[in-house]
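No experiment lies behind these values; they were computed from the predicted model shown.
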Amino acid sequence: MADFVLELADKVAGVGVRTSYADKVEIGGAEVVPVALGAYGFGGGAGSGTDSSDQQGEGSGGGGGGWSVPLGAYVGRGGDVRFEPNVLGLLIVSIPLVVVTGKALRLVIRALKK
């Protein structure tokens, strides 16, 4: 099992940048580099034990998953590069941040009132 985990870690070591930034594409004379926020995770397990009837049990398992939210693209035209956001993607990412910030501020204000 340890060999599998090390092999998996070697394969996904460089995935982060490729998940966030796609290959450059030329559209209508402009160079476009798509940008996304991505996350992934993997898990695994193994086990061996006995149950109530004194029989030896075996176990193993594994899984993984991930997600990606397109945030926008870097667009280059005539030597000028700018970021053009995907408004829906930015809203999806910012809503949890706003909620957590609001809850933290509420706790800080309550603590300061006491």
Side-chain angles (χ1 to χ4, degrees):
M1 180 61 100
D3 292 334
F4 170 72
V5 173
L6 292 174
E7 189 175 316
L8 182 61
D10 286 339
K11 288 184 180 181
V12 299
V15 173
V17 172
R18 289 191 305 263
T19 301
S20 298
Y21 301 98
D23 292 332
K24 180 172 53 173
V25 179
E26 189 163 332
I27 300 174
E31 294 180 339
V32 178
V33 179
V35 179
L37 176 65
Y40 57 92
F42 297 96
S48 179
T50 58
D51 59 11
S52 60
S53 64
D54 292 334
Q55 294 178 350
Q56 184 175 7
E58 294 183 23
S60 64
W67 56 268
S68 180
V69 177
L71 298 179
Y74 285 104
V75 180
R77 289 187 186 107
D80 182 36
V81 178
R82 65 182 180 163
F83 180 74
E84 294 186 8
N86 173 2
V87 177
L88 183 60
L90 291 175
L91 282 173
I92 290 171
V93 172
S94 65
I95 288 172
L97 178 66
V98 170
V99 169
V100 169
T101 303
K103 288 184 178 188
L105 283 174
R106 185 180 69 187
L107 292 173
V108 169
I109 291 170
R110 282 186 181 175
L112 291 174
K113 283 184 177 180
K114 291 182 180 182

Cluster partners of [X], using ILVMFWY side-chain heavy atoms under 4.5 angstrom, listed by chain and number?
{"X": "Ile109", "value": "none"}
{"X": "Ile27", "value": "Val25, Val32, Val75"}
{"X": "Leu112", "value": "Val108"}

**OP:** Name all pairs fulfilling the ring-ring contact (aromatic ring centres under 6.0 Å, His included) condition that reach into residues 89-114, sequence neighbours left out, sorted by first residue then second.
**Re:** none
**OP:** Provide the full list of salt bridge (charged side-chain N to carboxylate O under 4.0 Å, His left out) pairs with a residue in residues 85-109, sequence neighbours left out, each pair given once.
**Re:** none
Subject >> salt bridge (charged side-chain N to carboxylate O under 4.0 Å, His left out) partners of residues 24-42, not counting sequence neighbours, each pair once >> reply: Lys24-Glu31
Would you give me the side-chain donor-acceptor pairs under 3.5 Å for residues 77-99, sequence neighbours excluded?
unit_1: Arg82; atom_1: NE; unit_2: Glu84; atom_2: OE2; d: 3.2
unit_1: Arg82; atom_1: NH2; unit_2: Glu84; atom_2: OE2; d: 2.9
unit_1: Asn86; atom_1: OD1; unit_2: Leu88; atom_2: N; d: 3.4
unit_1: Asn86; atom_1: ND2; unit_2: Pro70; atom_2: O; d: 3.1
unit_1: Ser94; atom_1: OG; unit_2: Leu90; atom_2: O; d: 3.0
unit_1: Ser94; atom_1: OG; unit_2: Leu91; atom_2: O; d: 3.3

